[in-house]
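Chain A is the first sequence line, chain B the second, and so forth, proteins listed ahead of strands; every chain is numbered from 1.
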Number of protein chains: 2
Amino acid sequence: MSLINNPSGGALTTGRDGDVVHADSDLHGAVGRHLARHDYRYTAGRRRLVDTMADAGKPVTLPDIISASPDLSPSSVYRNLDVLERSGVVDRITTRGDHAFFEFAEPLLSHHHHLICIDCGIVKDFCLDDEVEKRVDRGLLEAAGEAGFTPLRHNVDLHGYCPDCK
Amino acid sequence: MSLINNPSGGALTTGRDGDVVHADSDLHGAVGRHLARHDYRYTAGRRRLVDTMADAGKPVTLPDIISASPDLSPSSVYRNLDVLERSGVVDRITTRGDHAFFEFAEPLLSHHHHLICIDCGIVKDFCLDDEVEKRVDRGLLEAAGEAGFTPLRHNVDLHGYCPDCK
DNA sequence: ACTATATTGAGAGTGAGTCTCATAAACAAT
DNA sequence: ATTGTTTATGAGACTCACTCTCAATATAGT
Ligand SMILES: [Mn+2]
Ligand SMILES: [Mn+2]
Ligand SMILES: [Zn+2]
Ligand SMILES: [Zn+2]
């Protein structure tokens, strides 16, 4: 499975902090740096969690994680997903389904968006082309400015039926 | 307060079903038609709920609704929000906060998107200009096609800090 | 009015996620 | 290595947004 895997092809990315991370390379190093920056330790359990998510290669829920790695403790996984999110390693995807989804955050995974099935809840990654992305950013910046919001990130997701549920 | 209130100015809209609804006019008529189409009754409680949401003029949570109309029964409000959502009257906005937000759906409220405060959870409406909106739609359609998804609607939301929380 | 069906509301129930706290692991010195 | 200090772990209790149940009630059709 490939991290930093741009669904539309890119495989090399430059992080906010100047880190240049390559597909499949130094994932743990990058995660460790993020954690250290927030005074967290990169423990064995957190490594297991990161490996499990990397192996999945797609957004995962807690049941996904536990069934892939049954020896992990649910309460610790929840706690660690929170820690990883606070450290900028992981993004939480809140859908209408029972469970939240988690995936690696930028710059560990390149910028992309989500197709969400309103029936089974599956989440699939996709990319908008750079031109659209730029225009969206410009529109959002303008709207944020008018409303006095300080923008951090945006979501663009499409809700519909996946091939299995159609 | 104004329904069919396009944040960027429009005040007249044509619905999917050919209904032409004007600002502040015939809200109950339109809601009743949606419910009837799904074999639901437009009861007094549902009218109260619709009025409460219309009076709010912004996305509301269950506590918002109950504190504005304390005589409404929470279990019935939840059930009726579900009915209204199934009938296409209401959209549910799922955020990371404790409570879901609800607002009128298109075409009762014109197409728009959301600024979401990651601190206090407030949800504010905004519009993208039509050119950006068209390009996003085209990009989403393409991505949906490639993934075999049947597209229904899209969300574009910006997460950041509201003026009060910055 | 009468029947058939849909809705209501109070409260019980569900379950994803959080909290507690006693134990264990990680780090930083000696 | 040993010790001390801080942080993380995990089992289970707990929370609470939301759903379900079911007897009572409202609505629509005739
Ligand atoms: Mn994704
Ligand atoms: Mn809105
Ligand atoms: Zn599906
Ligand atoms: Zn705020």
Side-chain angles (χ1 to χ4, degrees), chain A residues 28-29 31-53 59-67 69-87 89-102 118 120-121 123, chain B residues 28 31-52 59-67 69-87 89-102 118 120-121 123:
Chain A
H28 290 301
V31 171
R33 250 168 277 133
H34 279 271
L35 288 172
R37 206 172 297 139
H38 293 258
D39 294 312
Y40 290 122
R41 295 173 182 172
Y42 199 15
T43 62
R46 289 171 184 168
R47 249 172 247 267
R48 298 282 322 281
L49 172 53
V50 165
D51 279 330
T52 304
M53 290 183 63
V60 290
T61 64
L62 186 98
D64 293 336
I65 293 166
I66 297 303
S67 49
S69 301
D71 55 312
L72 293 179
S73 154
S75 62
S76 293
V77 170
Y78 273 123
R79 196 189 311 111
N80 286 332
L81 286 169
D82 210 59
V83 164
L84 291 171
E85 189 188 19
R86 257 198 283 281
S87 308
V89 173
V90 153
D91 275 343
R92 182 189 308 251
I93 306 167
T94 300
T95 73
R96 294 197 38 185
D98 289 338
H99 298 266
F101 285 77
F102 296 89
I118 62 177
C120 71
V123 177
Chain B
H28 290 301
V31 171
R33 245 167 281 133
H34 278 271
L35 288 172
R37 206 171 297 139
H38 293 258
D39 293 314
Y40 290 122
R41 296 172 181 173
Y42 198 14
T43 63
R46 288 173 185 168
R47 248 172 248 267
R48 297 284 322 283
L49 172 54
V50 166
D51 279 330
T52 304
V60 290
T61 64
L62 185 98
D64 293 336
I65 293 167
I66 297 302
S67 47
S69 302
D71 55 312
L72 293 179
S73 154
S75 63
S76 292
V77 170
Y78 273 122
R79 196 191 310 111
N80 285 333
L81 286 169
D82 209 59
V83 166
L84 290 170
E85 189 189 19
R86 258 198 282 281
S87 309
V89 172
V90 152
D91 274 344
R92 183 188 308 250
I93 306 167
T94 300
T95 73
R96 295 198 38 184
D98 288 337
H99 297 268
F101 284 78
F102 296 89
I118 62 177
C120 72
V123 177

Figure out the CD1/P separation between B:Ile65 and D:dA17, and round it to whole Å.
14 Å
Would A:Val77 and A:Leu49 satisfy side chain to side chain contact (heavy atoms under 4.5 Å, CB included), going step by step from the backbone distance to the final call?
CA-CA 7 Å; A:Val77 170; A:Leu49 172 53; 4.1 Å; yes
Base D:dT6 to side chain A:Arg41, donor-acceptor N/O within 3.5 Å cut-off
yes
Looking only at side-chain N and O atoms, does A:Arg46 offer a donor or acceptor that is under 3.5 Å from a partner on A:Tyr40?
no
For a 4.5 angstrom cut-off between non-hydrogen side-chain atoms, does B:Leu84 reach B:Leu35?
yes
In short, the helix from C:dA1-D:dT30 to C:dT30-D:dA1 is bent end to end, axes from five pairs each side, to 10°, by 40°
Does the side chain of A:Tyr78 get closer than 4.0 angstrom to OP1 or OP2 of C:dT18 through an N or O atom?
no
Which part of the nucleic acid does A:Arg79 contact within heavy-atom distance under 4.0 Å: base, sugar-phosphate only, or nothing?
base
Side chain of A:Ala100 only, please: which of D:dC18, D:dA11, C:dG17 is the nearest?
C:dG17
Nearest-Å distance, CZ (A:Phe102) to P (C:dG17)?
7 Å
C:dG9 C1' sits how many Å from B:Leu72 CG, rounded?
12 Å
Atom CG of A:Leu81 and atom P of D:dA8: how far apart are they, to the nearest Å?
15 Å
Which distance, rounded to the nearest 0.5 Å, do you find between the CG of A:Asp98 and the CG of A:Leu62?
12.5 Å
Can you check the A:Ile66 CD1 to C:dA16 C1' distance for me, whole Å?
13 Å
For a 4.5 angstrom cut-off between non-hydrogen side-chain atoms, does B:His28 reach B:Val50?
yes
So which nucleotide from C:dG17, D:dC18, D:dA8 ends up closest to the side chain of B:His99?
D:dC18
Base, sugar-phosphate alone, or nothing: which one does A:Asn80 contact when heavy atoms must sit under 4.0 Å apart?
sugar-phosphate
Give the C-alpha distance, both sets of side-chain angles, the deciding distance and a yes or no for side chain to side chain contact (heavy atoms under 4.5 Å, CB included) between B:Asp64 and B:His99.
CA-CA 10 Å; B:Asp64 293 336; B:His99 297 268; over 6 Å; no
Describe the nucleic acid contact of A:Ser76 in one word from base, sugar-phosphate, nothing, applying a heavy-atom distance below 4.0 Å.
base
When rounded to whole Å, the CG to P distance for the pair B:Leu62 and D:dT19 reads 10 Å
Polar side-chain atom of A:Thr95 near backbone of A:Gly97 as donor-acceptor pair, under 3.5 Å
yes
Please report, rounded to the nearest Å, how far the C1' atom of D:dT19 is from the CZ atom of B:Arg92.
11 Å
Note: for B:Tyr40 and A:Ser75 on DNA chain C, the residue whose nearest nucleotide lies more 5' is B:Tyr40
Which whole-number value in Å describes the distance from A:Arg96 CZ to C:dA16 P?
16 Å
